[in-house]
Amino acid sequence: MARREKQPVHKVVMTEGKRNIVHQLLEEYDIQTAEDIQEALKDLLGSTLKDKGL
């Protein structure tokens, strides 16, 4: 099976709204490490992804 070519990383524009969301997440979850980010995302998205069968 042939490997797919790596796609370039999508460049995301950091808007003020996105910056506010990130700031709120940092405060709410007291994020200090990459592991903290993973746990916060699991908490936020876990049930949503399960509901969609992902």
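Both backbone and side-chain heavy atoms feed into the values below; hydrogens, waters and symmetry mates do not. In this text, all values refer to a predicted model and were calculated from it rather than measured experimentally.
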For Leu25 and Ile37, what are the C-alpha separation, side-chain angles and deciding distance, and is it a side-chain contact (heavy atoms from CB on, under 4.5 Å)? CA-CA 9 Å; Leu25 288 172; Ile37 293 169; over 6 Å; no

Between Asp36 and Gln38, is there a side-chain donor-acceptor contact under 3.5 Å, judged purely by atom types and distance? no

Distance-only criterion, 3.5 Å: show the donor-acceptor pairs between side-chain atoms of residues 16-24 and protein atoms not counting sequence neighbours.
unit_1: Lys18; atom_1: NZ; unit_2: Val13; atom_2: O; d: 3.0
unit_1: Asn20; atom_1: ND2; unit_2: Glu16; atom_2: O; d: 3.3
unit_1: His23; atom_1: NE2; unit_2: Glu27; atom_2: OE2; d: 2.7

Contacts of type salt bridge (Lys or Arg N to Asp or Glu O under 4.0 Å), residue Glu39, not counting sequence neighbours: Lys42

